[in-house]
Amino acid sequence: MPGAAIKANGLGKWFGEGEAKTMAVRNVDLEAGFGEMIYIVGPSGSGKTTLLSVLSGILRPNAGKVEVEGIDIWNLNADQLADFRLNKIGFVFQDYHLFPRLNTAENVAIPLFLRKKDWDESIGEATRYLEVVGLKERANLPPVKLSGGEQQRVAIARAMVGQPDILIMDEPTASLDGDTGHAILKFVHENILRADRCIIVVTHDSRIYEFASRILKMEDGRLTVTQNDASLLQKG
Amino acid sequence: MKGILKLAYKLLVNDKAKFTALLIGITFAVFLMMFITSMFMGVLNHASATVVNVGAPVWVMDPSVQAITSSIGMPNYVLDAVRSIPGVKFAVPLYSGTALVKLHDGTYQAASVLGLDDTSLYGRPVLTAGKIENIYADNGFIVVDDAEYRKLESPRIGTTFELNDHRAVIVGVAKVTISGLFGLPTLYTTYYRAIQYIPNPRFTISYVLVHPKSSSDIPAIKRQVAALGYMALTKDEFIRKNAAFFVFQTGAGTNILIMTLISFIVGLSISGQTFYTFILENLERFGALKAIGTRNRQLVTMILFQASFTALTGYGLGVGLCTLLVYLAKLRLASYAAMITYPSLLVSFVMVVIIAAISSYFGVRRVLQIEPFDIFRG
C-alpha cells in the first residue's frame with residue numbers, strides 16, 4: 001500500500017483554559033507506515049492516550065493535522081469521522097469494553113452490525129475470527145465466563161473483524177499477567193500485522209517491546225525518543 | 001430485523017432484571033390507566049342505560065333536563081303537538097320515576113320504574129319469562145333480571161309486593177342490554193299504572209319517544225320541537241348529554257383525569273428512572289460503540305427502539321391484564337360497569353408513547369454527551 005498509514009504534523013492538544021490549562025500533547029510530528037507495529041511508551045500522564053485518541057479520530061486536536069492514508073481526518077464531519085473509524089480503524093480498549101449481555105460471537109460481530117451486514121452472516125464471520133484467535137469453542141459464552149487473556153483476544157477479534165488498515169491498542173497487557181500479555185502481543189505480531197496494516201500500541205509494559213518495529217517515547221506531551229532498537233529502551 | 005436493532009434488542013432483553021423492572025413499570029401504568037378509563041367509560045355507558053334499552057331514535061324533553069334520571073314532567077299537549085309534526089311516524093309517552101318497594105322482610109328498596117305507552121308498549125324489554133301482554137293484568141309489573149335483581153329478593157312470576165303502598169305482581173322477567181348505574185332494580189309497567197302508583201307533579205310525561213318517518217326528518221322535528229319550547233335529541237345526542245353531565249357536572253371527569261394522570265406519573269417514574277439507570281449502566285458500552293464508529297443517529301435509533309419496544313410490550317401486557325380482570329369480574333358480576341373502549345386504548349397508548357419519549361429523551365441526551373475519549377481514558 002503506497003504512502004504513510006498515518007502522518008501527523010504539529011499536533012497539539014490541551015484541556016482547560018487559563019491557569020487550568022493542561023498541555024497533553026505538544027507539537028508532535030509522527031509518521032507511521034504500513035507493515036509497522038509502533039509502540040508509544042512513557043509514564044502515566046505523558047499524553048500517550050490523548051495522542052492515540054487524536055490519531056484515531058476520537059479527540060479533536062487544538063493544533064496540527066492528522067492524515068490517514070492521505071485523508072485529513074479532522075476535516076471530516078461527524079458522520080464521516082464515525083464511518084472512518086468504523087471502516088479504517090480497529091480499537092482494542094484497555095478494559096476491553098465487551099458487552100456482558102451479548103455472547104462472545106455477538107461481541108466480535110458488532111462492527112459488522114454497524115456496517116448493516118446481515119446478522120447471521122456477521123455472526124458467521126465473527127466466529128471465523130474467533131477461530132483465528134483460538135476461541136471458536138467459546139463463541140456462545142458471555143464474556144464474563146472468559147479469562148482476562150481470552151477477553152483480550154475477543155477484543156482483538158472484534159477490532160479485526162472489519163479488516164481495518166490500522167489497529168489501535170491501548171495498554172493491551174495492562175490487565176493481563178506477564179506470560180499472557182506476551183502471548184497476546186506475539187499473536188498480534190505474527191497473525192495480525194501485515195504489509196498493508198499498521199498497528200499502534202500504547203503501553204507501559206517493557207516485556208512486550210520485542211515485537212515493536214519502532215518505539216516512540218513520550219514525556220510531558222512531547223515525543224522525546226524515536227527508537228528503532230527496542231533493546232536500548234529496555235535498558236534505558 | 002436490522003442488525004443494529006437486533007443488537008439494541010439483545011442489549012435490552014438480555015438484561016433480564018432491568019427489562020423486567022421496565023416492563024412491570026409500564027404494564028402497571030397501562031393497567032391503571034386502562035382500568036380507570038374503562039371504569040369511567042363503563043359508568044358513562046351505564047348512565048345512559050335507559051336511553052339504550054328503550055332505544056327510541058328521538059327523545060323529546062324539557063330543555064332543562066341534564067341527564068336521563070332528572071326528567072322534568074311535560075304537559076300532554078306536547079305529546080299531541082309532537083304527533084302532529086309532519087316527519088313523525090309515531091310518538092309515545094314514557095314515564096321515568098322511582099318508587100319504594102316493601103320487601104317481605106319489612107325493609108324497603110328503592111326501584112326505578114319505567115311506564116311504557118299503554119297502547120304500543122314501545123320500548124319494552126325482551127322477556128325471559130312471562131308474556132308481555134300480562135303487563136295489562138291488574139297490578140302487573142315486569143322485573144329486569146340484572147345485577148340489582150337480587151335486591152328485590154329475586155322475584156319470580158306471581159311474586160307480589162307493595163310498591164308505594166299499592167299491590168304489585170310480577171308478570172314477567174326481562175333482560176336488558178345495559179343495566180342501570182345507580183344500583184336500583186328496574187321495573188316496567190304501563191304508563192298509566194306508573195302515574196297512578198307513583199306520586200307526581202301536575203305534568204307526568206317524562207319523555208316523548210319519537211319514531212321519525214326517516215332520519216332526514218329529524219332536523220325538522222328538532223326545529224319544530226324547539227319552537228314549542230322543548231328539546232328533541234337523537235339517541236346518540238342524549239347519550240352524549242348524559243355523559244357530559246357526569247363528566248362535567250358531577251366532578252367524576254376531573255377525578256378520573258386526576259387518577260389517570262397519577263397512573264401516568266407512577267408509570268413514568270418507574271419506567272423513566274429504570275430506563276435511565278439502564279442507559280447509565282450501559283454508558284461505557286455506548287461510548288465504546290461511539291468510538292468504534294457508531295453514528296449518533298444510530299445510537300439514537302437504538303435507544304428509541306429499546307424504549308419503544310419496552311413501551312409497546314408493556315402496553316400489550318397492561319391491556320391484556322386489564323381485559324382479563326374485566327372479563328373475570330364480568331363472569332362474577334354480569335353488569336360490572338368497566339368496559340374497554342377504543343378511546344381508553346388510545347388514551348393509554350398516547351400516555352405510553354409519552355412515557356417512552358420522555359424516558360428515551362434523557363437517555364439519548366446522556367448518550368450523545370458521552371465522549372469516546374472517556375472510554376480511552378478508562
Side-chain angles (χ1 to χ4, degrees), chain A residues 13 15 24 48-54 56-60 77-91 93-103 106-107 109-123 142 155 158-159 162 164 168 170-171 174-175 202, chain B residues 1-23 274-275 277-303 305-306 309-310 363-364 367-378:
Chain A
K13 179 67 193 176
F15 299 100
K48 306 183 299 288
T49 300
T50 304
L51 177 61
L52 199 63
S53 303
V54 172
S56 58
I58 279 180
L59 188 65
R60 185 174 288 278
N77 65 32
D79 282 350
Q80 289 169 329
L81 202 55
D83 290 347
F84 157 78
R85 291 199 299 268
L86 181 61
N87 295 312
K88 294 288 180 189
I89 297 187
F91 291 95
F93 304 109
Q94 184 176 339
D95 299 327
Y96 320 138
H97 288 298
L98 300 175
F99 287 72
R101 310 291 175 197
L102 302 179
N103 68 29
E106 288 164 347
N107 264 288
I110 284 173
L112 303 178
F113 301 148
L114 296 177
R115 289 179 187 187
K116 298 172 183 168
K117 273 201 157 188
D118 174 72
W119 183 273
D120 292 336
E121 198 183 316
S122 302
I123 295 293
R158 182 176 67 184
I168 300 281
D170 188 26
E171 303 280 8
S175 311
V202 160
Chain B
M1 196 189 288
K2 280 172 70 178
I4 196 160
L5 296 186
K6 193 164 179 178
L7 182 62
Y9 168 80
K10 289 215 164 204
L11 290 176
L12 176 71
V13 300
N14 287 359
D15 191 346
K16 289 184 177 61
K18 283 276 177 313
F19 185 55
T20 306
L22 277 169
L23 278 186
T274 313
F275 192 70
T277 311
F278 169 78
I279 295 290
L280 285 187
E281 284 182 4
N282 284 290
L283 211 52
E284 275 189 11
R285 275 107 206 178
F286 282 114
L289 284 177
K290 224 169 170 177
I292 289 170
T294 312
R295 290 180 174 196
N296 278 342
R297 199 168 54 242
Q298 287 176 306
L299 287 175
V300 172
T301 305
M302 286 175 75
I303 292 169
F305 174 79
Q306 288 173 331
F309 180 80
T310 312
V364 164
V367 167
L368 291 183
Q369 279 168 355
I370 188 160
E371 290 292 339
F373 177 57
D374 297 334
I375 300 304
F376 260 115
R377 274 198 298 209

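Treat the numbers as computed from the prediction; the structure is a model and nothing was measured. Here is how names work: the chains are called A, B, and so on, in the same order as the sequence lines, proteins then strands, and each is numbered from 1.
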Contact listing (chain A partner; residues 13-21 of chain B; heavy atom under 4.5 Å): Asn14(B), Asp15(B)

Residue pair Leu7(B) / Phe99(A), side-chain heavy-atom distance below 4.5 Å: no

With sequence neighbours excluded, residues passing ring pair (Phe, Tyr, Trp, His ring centres under 6.0 Å) with Phe91(A): Phe93(A), Phe376(B)

Contact origin within Glu171(A) toward chain B - heavy atom pairs under 4.5 Å: neither

Between Pro100(A), Ser56(A), Ala159(A), Pro111(A), the one whose heavy-atom pairs under 4.5 Å with chain B are most numerous: Pro100(A)

Whether Tyr9(B) and Phe305(B) hold their rings parallel, tilted or perpendicular, with breakpoints at 30° and 60°: perpendicular

Heavy-atom side-chain contact between Gln298(B) and Leu289(B) under 4.5 Å: no

Nearest non-hydrogen partners of Leu23(B) and Thr310(B), listed with the distance: CD2-O, 3.7 Å

Phe278(B) side chain near Gln306(B) side chain, heavy-atom distance below 4.5 Å: yes

Pairwise side-chain contact, Arg297(B) with Asp79(A), heavy-atom cut-off 4.5 Å (strictly under): yes

Region of Thr49(A) in contact with chain B, defined by heavy-atom distances below 4.5 Å: both

Pick from Ile168(A), Leu98(A), Leu114(A) with the largest number of heavy-atom pairs that fall under 4.5 Å of chain B: Leu114(A)

Per-residue contact mode, Arg115(A) against chain B (heavy atom under 4.5 angstrom): neither

Heavy-atom closest pair, residues Lys290(B) and Asn296(B): CE-OD1, 3.1 Å

